[in-house]
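Letters A, B, ... mirror the listed sequences (proteins, then strands); counts begin at 1. Every value quoted in this text rests on a predicted model; they were computed, and no experiment measured them.
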Amino acid sequence: MLAQNLFTTIKKDREFRQVYKNSKSMANKLLIIYIMKNQSESNRVGLTVSKKVGKSVVRSRVKRLMKESFRLNHHRIKNGYDIVFVARIGCNEATYHEIESAMLHLFKKMHLTK
RNA sequence: UGAGUAAGUCAGAUGGUCGCGGACACAGUUUAACUGUGGACGAGGAAAGUCCGAGCUCCAUAGGGCAGGGUGCUGGGUAAUACCCAGUGGAGGCGACUCCAAGGAAAGUGCAACAGAGAUAUACCGCCCGUUCUAUAUAUAAGGUUUAAUUACGUUAUAUAUUGAAGGGGUAAGGGUGGAAAGGUGAGGUAAGAGCUCACCAGCAACUAGGUGACUAGUUGGCUAUGUAAACCCCAUCUGGAGCAAGACCAAGUAGGGACAUGAAAGCGGCUGCCCGUCGCGUCCCGUGGUAGGUUGCUUGAGCCGUCUGGUAACAGCCGGCCUAGAUAGAUGACCGUCAGAUACAGAACUCGGCUUAUAGAUUUACUCACAUA
RNA sequence: GUGCCCGUAGCUCAGCUGGAUAGAGCAUCGCCCUUCUAAGGCGAGAGUCCGGGGUUCGAAUCCCUGUGGGCACG
């Protein structure tokens, strides 16, 4: 029960830079993923939506959708990674289901699924 | 019924499952924080643009002068405003009603390209009156030739008329240019004309009456004054600066060296620019540390709702009731249903009052016009 | 969040104290020069002066309003 909620977020700019520098990346139409092994048992996730995607309403909606789909699916993947998702411009009109399937697709590509 | 005008209101609702934020209550670990449970609360009418005005904080207690900047019909409202209300004037609409940066151009300066004769006063063409010269026509007179005949012809002089030229004067009706040509229309008048005179109209000044006032109405007078102040400017009035990344407290952390000066003066810095005034400071160069801190400011406020009273209204006052986001990489979302169907513009970041801009749709009230019926 | 700045030819900029032909350099195109190219010379085209409204006789310029882009902050 506790293990399900064992993820934290990446917040500081320095941590984001570290991930970008030392990670493997992949992309599809909607999202870009960066993953890096960390020394802990749990996963850390960072979400980025740039200003190119849209105005503040669109950006915060995309962020919420990404957050929700990660929350509902993170139990399927391995632990011990720093993961950063970057939203691409196509996200501004995407629905929840599209973003969820894009995220699962990237998990599969990265061989993160258990 | 249709077309409109004005002022408002709402901004999907609801059920289930999973999830987020900070408070509160309880429990546990344990001694200052964490974990769990619980039921409440949790984005907007514009949260937007940052165009104004304030509160609050620091700069000196917020000071003086000049410059700069804002505002600009009148009266009121307000903490204040460039906002609001009521009126005045102007423009638009059949109307309900709407719109207007709307002081001063007779304090001064500047600008008005091109065109046009001329641009703040002018005289090109034109019109009119004298003078001189030339030509033509007519009339009269003189003498010459000629004829029956002052019959005809030409010459000279004078007068009149017309045409042309030169030069002088008057005029501002007409022409065309221009955004604008110094009142407009009509009549009289005149050499031709002209506010030269008169009537009406527009505009100006003074006086009288009404109104707190903008202004309105009337009488009289002199006859006339280009536009531009969103050009400088004048007048009236307001205005110190920076902004919550303001500021306050706590914690952690670094390394000094060299040159000049040592009182005064000078200099530097803060108080937007300049001058004063005032406060603080030894100055310059080289080097070093930090920029993953925390707490606070941070939400009870010129607050919201309702009755009544005053006021045409904006608004104010009394009384009663309510507490309604406070995050810090930044909280509201996802899925499945129901409501016939659909969901616009759009996300708080110290807080308010306005303005401006974006906006699917639903709905209320009052009024206007047209048509029909009675 | 707060405070500022800038939009003019394809690019970089003038012009911004109102006057009609909106200029300059580079780039593009054509011709000349050269055996050919480059360089050089001559010429040409290319502008919603960011959009809308207002002031004015007249606006790239002045005023208002929107839009796009950029900069700074302890």
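Looking at the side chain of A:Val57, the nearest of the listed nucleotides B:A346, B:G330, B:C335 is B:A346. Each of B:U332, B:C335, B:C18 was ranked by its minimum atom distance to the side chain of A:Arg71; first place goes to B:C18. Among the nucleotides B:C20, B:A334, B:C18, the one closest to any side-chain atom of A:Leu65 is B:A334.
The CD1 atom of A:Ile99 sits 12 Å away from the C1' atom of B:G333 (whole-angstrom rounding). Distance A:Leu72 CG to B:C20 P: 11 Å, rounded to the nearest Å. Remark: C1' of B:A329 and CZ of A:Arg44 are 14 Å apart, rounded to the nearest angstrom. Protein atom NZ of A:Lys67 is 7 Å distant from nucleotide atom P of B:G21, rounded to whole Å. Between the OH atom of A:Tyr96 and the C1' atom of B:C336 there is a distance of 13 Å, given to the nearest Å. Between the NZ atom of A:Lys63 and the C1' atom of B:U332 there is a distance of 15 Å, rounded to whole Å. Computed from coordinates, the A:His74 NE2 to B:C18 P distance equals 16 Å when rounded to whole Å.
On the C1' atoms, B:U78 is 28 Å away from B:C97, given to the nearest whole Å. Going from the P atom of B:C58 to that of B:G320 covers 37 Å, rounded to whole Å. The C1' atoms of B:C355 and B:G293 are separated by 42 Å, rounded to the nearest whole Å. The same atom, P, is picked in C:G66 and in B:G178; the two are 40 Å apart, to the nearest Å. Distance noted for atom C1' between B:G8 and B:C52: 26 Å (whole Å). Annotation: B:G294 and B:U81 have their C1' atoms spaced 41 Å apart (nearest Å). To the nearest whole angstrom, the two C1' atoms, one in B:G326 and one in B:U351, are 12 Å apart. On the P atoms, B:A40 is 30 Å away from B:A344, given to the nearest whole Å.
Here B:G195 is in the syn range [glycosidic angle within 90° of 0]. For B:A214, the O4'-C1' to base torsion is more than 90° from 0; the nucleotide is therefore anti. For B:G243, the glycosidic angle deviates from 0 by more than 90°, giving an anti base. Applying the 90° cutoff around 0 to the glycosidic angle, B:U324 is assigned syn. Taking the syn range as angles within 90° of 0, the glycosidic angle of B:G45 is syn.
Across all strands shown, C:G10 forms a Watson-Crick or G-U wobble pair, both distances under 3.5 Å, with C:C26. Summarising the base pairing, B:A314 is matched to no nucleotide, lacking a Watson-Crick or G-U wobble pair whose two defining distances lie under 3.5 Å. Nucleotide B:U9 is matched to B:A362 when pairs are restricted to Watson-Crick or G-U wobble geometry with both distances under 3.5 angstrom. Searching all strands for a Watson-Crick or G-U wobble partner of B:U357 with both distances below 3.5 Å returns nothing. When both pairing distances are held under 3.5 Å, B:U29 makes a Watson-Crick or G-U pair with B:A33. In this entry B:U146 has no Watson-Crick or G-U wobble partner, no candidate having both defining distances under 3.5 Å. Base pairing of B:U216 is made with B:A209, judged by Watson-Crick or G-U wobble geometry with both donor-acceptor distances under 3.5 Å. Here B:U254 sits opposite no nucleotide as a Watson-Crick or G-U wobble pair (both hydrogen-bonding atom distances under 3.5 Å).
Here CD of A:Glu100 is found 9.5 Å from OG1 of A:Thr95. Values are rounded to the nearest 0.5 Å. Expressed to the nearest 0.5 Å, how far CD1 of A:Ile99 lies from OG of A:Ser69 amounts to 6.5 Å. Distance check: A:Glu98 CD to A:Met103 CE gives 13.5 Å after rounding to the nearest 0.5 Å.
Nearer the 5' end of RNA chain B, as judged by each residue's closest nucleotide, is the contact made by A:Thr95, out of A:Thr95 and A:Ser56.
Under the 4.5 Å side-chain contact rule for hydrophobic residues, A:Leu47 and A:Met26 share a cluster.
Counting distance only, with no hydrogens placed and no angle test, the side-chain atoms of A:Glu68 and the base atoms of B:G19 include no donor-acceptor pair under 3.5 Å. Judged by distance alone, with hydrogens and angles left aside, A:Arg64 brings no side-chain donor or acceptor close enough to the base of B:G19 to form a pair under 3.5 Å.
In terms of heavy atoms, A:Ser25 sits closest to A:Met110 at C-CE, 3.7 Å.
Among residues at least two apart or in separate chains, ring-ring contact (aromatic ring centres under 6.0 Å, His included) pairs with a member in residues 28-64 of chain A are A:Tyr20-A:Tyr34.
Around NZ of A:Lys109, the count of heavy atoms belonging to other residues, nucleotides or ligands within 6.0 Å exceeds 12.
A:Arg61 comes within 4.0 angstrom of sugar-phosphate atoms only, judged by non-hydrogen atoms across all strands, and of no base.
The salt bridge (Lys or Arg N to Asp or Glu O under 4.0 Å) check on A:Glu68 picks up A:Arg71, with sequence neighbours excluded.
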